[in-house]
Amino acid sequence: PDIVDIVYYHHERYDGKGYPEGIPSKELPITVRIVSLADALDAMSSDRSYRKKLNFKKVFSEIKNNSGSQFDPEVVTAFYDALPEIKGVLKS
């Protein structure tokens, strides 16, 4: 897929309640579904003008709780499978 498509669709949700088109993410390329999760992780774990960043325990809990609604469950599973490696990178 074109990078423009990835950027355009990365706010779509697995359940089709996202934007801009309201397309269920299972109908979108896997790259869009991965970037959607990565963007949400970045947003939750970064300070924003309207709130402080969430700790990683809360971020991981939010991802798990939104699997199947906001996020593609297969992408969430792959994320959790890679979590030991991710945690290692975050510590360095």
Side-chain angles (χ1 to χ4, degrees):
D2 191 318
I3 188 71
V4 172
D5 290 335
I6 295 170
V7 172
Y8 183 77
Y9 289 114
H10 83 279
H11 284 291
E12 297 293 352
R13 292 172 43 118
Y14 184 76
D15 60 12
K17 295 180 181 177
Y19 63 90
E21 305 291 335
I23 298 170
S25 73
K26 63 186 173 190
E27 295 177 14
L28 296 169
I30 189 71
T31 49
V32 172
R33 294 178 266 157
I34 293 168
V35 169
S36 176
L37 178 62
D39 180 60
L41 184 140
D42 177 63
M44 290 186 281
S45 62
S46 301
D47 285 334
R48 300 295 181 174
S49 60
Y50 52 88
R51 64 147 178 79
K52 290 288 189 184
K53 66 182 177 182
L54 303 177
N55 66 51
F56 281 110
K57 185 175 181 179
K58 178 67 175 165
V59 170
F60 297 149
S61 175
E62 287 295 314
I63 290 170
K64 185 175 183 179
N65 291 339
N66 287 287
S67 177
S69 58
Q70 183 175 355
F71 306 116
D72 180 332
E74 291 180 31
V75 173
V76 171
T77 297
F79 170 75
Y80 274 94
D81 288 349
L83 201 50
E85 190 173 325
I86 292 168
K87 285 182 178 179
V89 170
L90 293 174
K91 287 182 182 179
S92 56

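- Within the model, atoms OG1 of Thr77 and NZ of Lys64 stand 10.0 Å from one another, a figure rounded to the nearest 0.5 Å.
- Here the OG-NZ distance, from Ser49 to Lys52, works out to 11.0 Å after rounding to the nearest 0.5 Å.
- No option in Asp5, Ile6, Val7 other than Asp5 meets the side-chain contact (heavy atoms from CB on, under 4.5 Å) test with Tyr9.
- Val35 and Ile3 fall within a single hydrophobic cluster, where Ile, Leu, Val, Met, Phe, Trp and Tyr side chains are chained together by heavy-atom contacts under 4.5 Å.
- Between the side chain of Ser36 and the main chain of Val32, no donor-acceptor pair closer than 3.5 Å is present.
- Taking hydrophobic clusters as Ile, Leu, Val, Met, Phe, Trp and Tyr residues chained together by side-chain heavy-atom distances below 4.5 Å, Phe56 shares a cluster with Phe79.
- In this structure, Phe71 is a member of the same hydrophobic cluster as Leu41, with clusters built from ILVMFWY side-chain heavy atoms closer than 4.5 Å.
- Ser69 contributes a side-chain N or O that, together with a main-chain N or O of Asn66, makes up a donor-acceptor pair within less than 3.5 Å.
- Linking ILVMFWY residues whenever their side-chain heavy atoms come closer than 4.5 Å, directly or via other members, leaves Leu28 and Tyr14 in distinct clusters.
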Inset, instruction - Could you go through the side-chain contact (heavy atoms from CB on, under 4.5 Å) check for Val59 and Lys53 one step at a time? - result: CA-CA 9 Å; Val59 170; Lys53 66 182 177 182; over 6 Å; no
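- Nearest approach of Pro73 to Ser67, heavy atoms of both residues: CA-OG, 3.3 Å.
- Checked by atom type and distance alone, the side chain of Tyr80 pairs as donor or acceptor with a backbone atom of Phe60 at under 3.5 Å.
- For the pair Glu12 and Glu21, the tightest heavy-atom approach, listed with the atom from each and the gap, is OE2-N, 2.7 Å.
- Taking OG from Ser45 and CG from Asn55, the interatomic distance works out to 10.5 Å, rounded to the nearest 0.5 Å.
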Legend entry - CA sep, side-chain torsions, deciding dist, call: Ile30, Glu74, side-chain contact (heavy atoms from CB on, under 4.5 Å): CA-CA 10 Å; Ile30 189 71; Glu74 291 180 31; 5.9 Å; no
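- Nearest heavy-atom pair across Glu62 and Met44 is CB-SD, 3.7 Å.
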